[in-house]
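All remarks here apply to the structure that follows.
Order of listing sets the numbers, starting from 1, for every ligand and every atom in it.
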Amino acid sequence: MKNSADLLTGINTTGTPHLGNYVGAIRPAIEASREENKSSFYFLADYHSLIKCHDPERIRRSVLEVAATWLAMGLDTDRSVFYRQTDIPEIPQLTWILSCMTSKGLMNRAHAYKAAMADNEAHGRKDLDKDISMGLFSYPVLMAADILMFNAKKVPVGSDQIQHLEMARDIAGRFNHTFGEHFVLPEALVDAETAVLEGLDGRKMSKSYNNTIPLFEPEKKLRKLIMKIKTNSLAPEEPKDPETCTLFAIYKAFATPSELKDMEKRYKEGIGWGTVKQELFEYLNELLREPRQRYNELIEAPGEIDIILQKGAERAREQAAPFLDKIRKAVGIQRL
Ligand code: TRP
């Protein structure tokens, strides 16, 4: 099908991007964005962020930081289409049409909604829907519209999003069955190779564990964070096991195979934790030096980011506008 995206994914705009986001989502997407003959779409899911955050300044700041991060890290915005969800008015319009093709029962089964109800139950609240907004409840429909709007074939996501992809397929299938074949059924692309990075305390690096290393901390702060990474209490000269070490796990996500081999050898020979930390800091700092500078420049010039995002939105709407027209006609909404 023409006018379809080979690859499309949404980027959450809550919080400051960290090393784990980079390794798990940003780096693979940037690599894919450089591929020729593949159309890839990346967008900031800022409508979605309203579900969790009602602080306007945090929303604005987060969109700015996330956009600056992707650009500073080298997203190819000529080859890929990079835009804000809220710049595409066709998306909420499609969301409504799809809502009318989505059974409420399907949404009742969504993990995020069920988790929120379970939380109310655990707290002994009588009303299991307490503080659950319609935004949270119908989140999967908006996500389906994001994807179906561009007839995306493959959607790179974390494994927690597989259910949302199944729901998107379900909704698309129901629409196609009723109104004819308009939508491509999207597939989740969950890459088992993609590293899950450990955080300061050895658990998965995640904003909710408060154990992250933000990507663009100033040098001094980056060093301080790395010094805080948890290790065991083996003395400097004692042999150490790289496989169970958070420092090594983080190094592994960036180093080349030969650098890794070398480090492994030094672990077995006995290397002090202070030395590993210092070297990990220097390694990451070198890697982040240039992007950090670009990032800081972009944060100071949000107008430049706006221009890039506007261009992306224009390109996205070249597909979205005529396609939505077709969908509206398919359901009977048109000039009389
Ligand atoms: N829900 C996704 C997440 O939490 C983000 C997202 C929103 C998304 N819309 C999307 C991902 C469309 C892929 C396609 O990670």
Does the distance from a Lys or Arg side-chain N to an Asp or Glu carboxylate O, for [X] and [Y], drop under 4.0 Å?
X: E198; Y: R203; value: no
X: E65; Y: R61; value: yes
X: R266; Y: E279; value: yes
X: K230; Y: D201; value: no
X: D6; Y: K153; value: yes

Checklist entry - Heavy-atom distance to atom 15 (O) of ligand 1: which of D146, T13, N12 wins? => result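 Residue with the shortest heavy-atom distance to the ligand atom: N12.
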Checklist entry - When you look at Y267 and F248, which way does the ring pair (Phe, Tyr, Trp, His ring centres under 6.0 Å) test go after all the steps? => result CA-CA 9 Å; Y267 263 69; F248 189 82; 5.4 Å; yes
Got the closest protein heavy atom to [atom], with its distance?
atom: atom 2 (C) of ligand 1; answer: Q161 OE1, 3.3 Å
atom: atom 11 (C) of ligand 1; answer: G10 N, 3.3 Å
atom: atom 1 (N) of ligand 1; answer: Y139 OH, 2.5 Å

Next on the checklist: Below 30° counts as parallel, above 60° as perpendicular, anything between as tilted: where do the rings of H182 and F175 land?
Outcome noted: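 Because their plane-to-plane angle is over 60°, the rings of H182 and F175 count as perpendicular.
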Item to check | Plane angle bin for W70 and Y42 - parallel if under 30°, tilted between 30 and 60°, otherwise perpendicular | outcome: tilted
Checklist entry - Between E259 and Y283, is any side-chain donor less than 3.5 angstrom from a side-chain acceptor? => result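 Side-chain D/A pair, E259 to Y283: present.
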Taking heavy atoms and a distance under 4.0 Å, where does [X] meet ligand 1: side chain, backbone, both or neither?
X: L142; value: neither
X: V157; value: side chain
X: Y47; value: neither
X: Q85; value: neither
X: I11; value: neither

Proximal ligand 1 atoms for [X], defined as those under 4.0 Å from one of its heavy atoms:
X: T9; result: 11 (C), 13 (C)
X: H48; result: 7 (C), 9 (N)
X: V155; result: 13 (C), 14 (C)
X: I147; result: 12 (C), 14 (C)

